[in-house]
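What follows is a set of notes on a single structure, which appears directly below.
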There are 2 protein chains.
Amino acid sequence: MEKNILKIGIIGLGTVGTGVVKALRQFKNIEIVECAVKNLNKKREVEVNKLTNDPMEIASNPEIDVVVEVAGGVNPCLEVLKTAINNKKHIVTANKELLAKYGDELFELANKNNVSILYEAAVAGGIPIIGPVKTTLRGNEFKKVMGILNGTTNYILTKMESDNLSYEECLKQAQELGYAETDPTNDVMGYDTMYKISILANIVFRKQIDYSEIYVEGITKITSEDIKCADELGYKIKLLGLAQKIEENASLDIRVHPVLVSKENTISKIDKATNTVYLEGYPVGEVMFTGPGAGEAPTASSVIGDILAIANEISLTDTILPSQRVKTEEKAVQENILNTKNSYYMALSAKNIRGVIGVIGSICASNNINLQSIIQRGIAKDNTAFIVVITDTTLEADIQNAIKELISKDIKVKNLIRVI
Amino acid sequence: MEKNILKIGIIGLGTVGTGVVKALRQFKNIEIVECAVKNLNKKREVEVNKLTNDPMEIASNPEIDVVVEVAGGVNPCLEVLKTAINNKKHIVTANKELLAKYGDELFELANKNNVSILYEAAVAGGIPIIGPVKTTLRGNEFKKVMGILNGTTNYILTKMESDNLSYEECLKQAQELGYAETDPTNDVMGYDTMYKISILANIVFRKQIDYSEIYVEGITKITSEDIKCADELGYKIKLLGLAQKIEENASLDIRVHPVLVSKENTISKIDKATNTVYLEGYPVGEVMFTGPGAGEAPTASSVIGDILAIANEISLTDTILPSQRVKTEEKAVQENILNTKNSYYMALSAKNIRGVIGVIGSICASNNINLQSIIQRGIAKDNTAFIVVITDTTLEADIQNAIKELISKDIKVKNLIRVI
């Protein structure tokens with residue numbers, strides 16, 4: 001028998017499902033046995049062995065080890081996943097609503113059946129957050145977790161500010177660009193963020209969270225006027241999910257609502273569809289994870305991380321501890337700096353400045369170096385000019401040659417700094 | 001026998017070692033058997049069962065399961081850890097120099113002896129990076145990893161810019177504040193960053209890295225003049241460790257040197273002793289991890305994460321997959337929003353504006369609300385004034401009462417947004 005192959009079934013072949021199928025191609029030890037979709041006849045980007053429109057078929061297919069659920073919503077996912085768990089299948093899901101509402105029930109069932117439910121993709125898309133909190137940061141006592149957990153609303157708020165448009169105009173734009181769904185309620189009313197912060201609060205504070213007790217307020221009431229005033233006062237408006245421990249009574253303060261974030265705070269600089277999660281605890285202090293909060297590929301990254309963790313756990317791959325070394329005999333071929341291409345900042349100084357710009361220009365040109373900008377700064381008493389140039393992308397070897405020539409023309413190279 | 005207790009020996013009781021001892025107090029299933037220190041008579045912040053000045057004693061103590069090495073440097077650590085590994089002890093180390101120089105040898109020995117070497121603390125202090133790359137992000141093909149990996153140099157560069165001081169002056173300050181060592185060579189010449197980027201390149205690209213082939217340039221030549229020019233041109237100067245794949249010849253371009261980073265790039269905003277690691281790969285896209293790069297507590301967080309991973313691996317704790325749920329029956333006590341304290345932004349509008357500021361002021365005062373700022377914006381034709389206030393930290397219940405009173409006085413509350 002081929003127990004060195006992990007066999008998975010996928011429920012849902014939308015954006016994320018498609019991303020998972022694509023990104024799994026490189027993994028020879030993972031086989032996609034069957035996928036469940038709503039519409040069997042729909043044209044699809046990816047080919048899969050077998051399609052069904054009955055997700056229960058996946059849940060009961062004896063061939064399948066792991067059910068990957070990327071369909072979303074409570075129905076039929078709740079019943080399907082329960083069946084799959086009772087059939088001793090591991091679950092990888094991105095379904096934040098299902099976990100926030102029925103997580104306790106599902107995890108208890110999973111423990112009974114001795115299978116795992118992994119859900120890195122359910123919170124902050126491609127950003128590793130569930131994993132680090134559960135492993136690397138496990139020794140911490142956390143005080144606070146908060147973040148921008150919904151890309152749609154952050155995109156709308158960013159647009160309202162940058163283009164000085166109304167909420168309605170930006171929502172329309174977001175819908176046209178596919179950042180927002182036709183029915184945006186889930187995002188703009190803050191429910192999506194509520195599901196995510198309740199999942200985060202559970203792993204960060206190790207307590208069962210009742211999502212229905214979370215205070216939630218969306219962004220629909222935010223006006224351009226508010227954004228302007230906030231800006232004048234030194235703030236940006238962001239929709240945050242927040243969970244913090246109240247020391248006095250050991251209770252948790254969990255909520256979702258727009259906040260004014262000081263421009264000094266890095267969170268205020270997280271724009272467009274980007275997500276970020278901020279954690280505060282002892283001993284680690286403050287850490288922040290930033291990245292793509294949604295989208296086909298990023299979400300697939302987290303789903304696949306979970307699939308590989310299961311493959312690893314049931315020993316289809318060699319077990320790797322969170323920070324253990326990759327076993328490799330392969331030596332890297334390392335590039336010599338002279339063969340690398342960079343943009344460069346050069347600080348030059350030259351006496352008797354007449355024509356010096358011309359000399360610099362021609363030496364650069366003869367070494368295939370294009371100048372992006374050149375500034376001449378004040379001339380010293382001794383008639384020395386300080387000149388700064390920034391080059392286009394150039395081969396390091398060419399720069400080094402140019403420097404030799406510059407020196408030969410009595411032009412000092414005071415500093416050379418690469419630019420990214 | 002008490003195999004439900006993990007027994008560790010610690011080599012080095014400096015800043016990090018002390019932090020580890022403190023933070024381990026809460027873990028009943030981890031016992032510190034013995035610590036090796038240079039000076040037995042030195043007064044210490046923490047009490048430990050047994051001290052020795054011979055680290056080899058730790059490496060050969062049959063009682064010890066895990067050797068935690070937080071002493072640093074190659075000698076005597078290399079020989080001590082080899083002995084410990086041959087004695088079948090797992091290793092947790094923060095020693096970037098040792099891993100960069102002798103990692104291949106040590107990991108091979110560890111594989112032979114079937115023990116683990118974990119080293120989350122060796123790179124970027126408290127920031128989880130080795131773990132996420134090895135687990136959650138494991139499905140990715142990476143193109144690039146780069147970051148600010150040395151707090152001392154970033155502190156110096158930040159100071160040079162903010163206080164317009166010379167490199168020498170800032171180094172002196174950093175030394176006085178304990179951010180830089182008496183001999184700063186390792187940091188300012190870029191060697192510390194070189195060790196870290198070579199460790200990152202190994203796990204990100206899964207190849208053996210020869211640290212001696214890495215191009216390295218420190219910050220000692222950076223002048224205030226350079227920082228000023230960079231600023232004029234829209235850049236900040238940062239010391240980066242960088243490793244990227246060159247597609248054409250599948251080689252790795254690994255280097256450490258100062259760079260001009262555009263102010264548009266978030267990396268330019270990472271100031272003082274903060275570290276950040278940026279990763280680019282498929283399918284995840286771009287992710288960034290930011291946090292404390294050094295210090296007693298943050299580094300201890302990573303060391304303890306590794307110790308717990310080993311406890312977990314040798315099943316002293318129930319195995320937890322990277323993103324599996326925490327098993328908990330404990331329900332959270334969730335705070336009602338009315339009992340929370342926040343600062344508030346209130347957008348108000350009122351007709352017949354005479355005295356309205358006074359009314360707002362007295363209503364707030366009578367509800368224990370102090371105003372931080374109040375702006376009155378243009379008056380509409382219909383004599384309506386738009387007024388914005390920001391309050392000090394206030395009980396939500398008080399704000400809600402104030403709002404009722406304001407409405408009763410014909411003052412519209414157009415919006416209420418909390419401030420963090």
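As a basis for the values below, the full set of heavy atoms in this structure was taken, side chains included, without hydrogen atoms, waters or symmetry mates. In what follows, every chain begins at residue 1, and chains take the letters A, B, ... in the order their sequences are listed.
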So which atom in [X] and which in [Y] form the shortest heavy-atom distance, rounded to 0.1 Å?
X	Y	result
A:Gly131	B:Thr136	CA-OG1, 4.0 Å
A:Lys207	B:Lys331	CD-O, 4.1 Å
A:Gln26	B:Gly139	NE2-O, 3.4 Å

Sort [X] into side chain, backbone, both or neither according to what part of it lies under 4.5 angstrom from a heavy atom of chain B.
X	value
A:Ala23	both
A:Phe289	both
A:Lys238	neither
A:Leu233	side chain
A:Ile214	both
A:Phe27	side chain
A:Glu108	neither
A:Ile420	both
A:Lys269	side chain

To the nearest 0.5 Å, what is the distance between [atom1] ([X]) and [atom2] ([Y])?
X	Y	atom1	atom2	answer
B:Tyr215	A:Arg418	OH	CZ	4.0 Å
B:Leu308	A:Arg138	CG	CZ	5.5 Å
B:Leu416	A:His257	CG	NE2	9.5 Å
A:Asp226	B:Asn415	CG	CG	4.5 Å
B:Asn140	A:Ser302	CG	OG	8.5 Å
B:Glu335	A:Lys245	CD	NZ	14.0 Å

Looking at [options], which has the largest count of heavy-atom pairs under 4.5 Å with chain A?
options	value
B:Asn336, B:Val259, B:Ile307	B:Val259
B:Glu213, B:Glu217, B:Lys221	B:Glu213
B:Ala250, B:Ser373, B:Ser251	B:Ser251
B:Ile237, B:Thr299, B:Leu137, B:Ile304	B:Leu137
B:Pro258, B:Cys229, B:Gly285	B:Cys229

Side chain, backbone, both or neither: which part of B:Ile270 has a heavy atom under 4.5 Å from chain A?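 Neither part, no heavy atoms under 4.5 Å.
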Taking the basic N atoms (NZ, or NE/NH1/NH2) and the acidic carboxylate oxygens, is any pair closer than 4.0 Å for B:Lys414 and A:Glu225?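 No salt bridge links B:Lys414 with A:Glu225.
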In terms of heavy-atom pairs under 4.5 Å with chain B, which of A:Gly291, A:Pro298, A:Gly126 leads?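 Sorted descending by pairs with chain B, the first entry is A:Pro298.
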Looking at A:Val287, A:Ile267, A:Asp253, A:Leu252, which has the largest count of heavy-atom pairs under 4.5 Å with chain B?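 Sorted descending by pairs with chain B, the first entry is A:Leu252.
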Answer yes or no: is there a side-chain heavy-atom contact under 4.5 Å between [X] and [Y]?
X	Y	result
B:Ile417	A:Ile222	yes
B:Val388	A:Glu232	no
A:Asn339	B:Asn249	no
B:Arg255	A:Asn342	yes
A:Ile390	B:Leu260	yes

Run the ring pair (Phe, Tyr, Trp, His ring centres under 6.0 Å) test against B:Phe205 and tell me which residues pass, sequence neighbours left out.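 Ring pair (Phe, Tyr, Trp, His ring centres under 6.0 Å) list for B:Phe205, sorted by chain: empty.
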For chain A, find its close neighbours in residues 274-284 of chain B: heavy-atom separation under 4.5 Å, sorted by number, or none.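 The residues closer than 4.5 Å to chain A, in numerical order, are B:Tyr282, B:Pro283, B:Val284.
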Check: B:Gln334 side chain, A:Asp210 main-chain N or O, donor-acceptor pair, under 3.5 Å: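 Judged by distance alone, yes, a pair lies under 3.5 Å.
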Is it the case that more than 12 heavy atoms not belonging to B:Gln372 sit under 6.0 Å from its CD atom?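 Yes, the 6.0 Å shell around CD holds more than 12 heavy atoms from other groups.
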After noting the C-alpha distance and the side-chain angles of A:Glu120 and B:Thr135, does the key distance pass the side chain to side chain contact (heavy atoms under 4.5 Å, CB included) rule? CA-CA 11 Å; A:Glu120 182 64 66; B:Thr135 55; over 6 Å; no
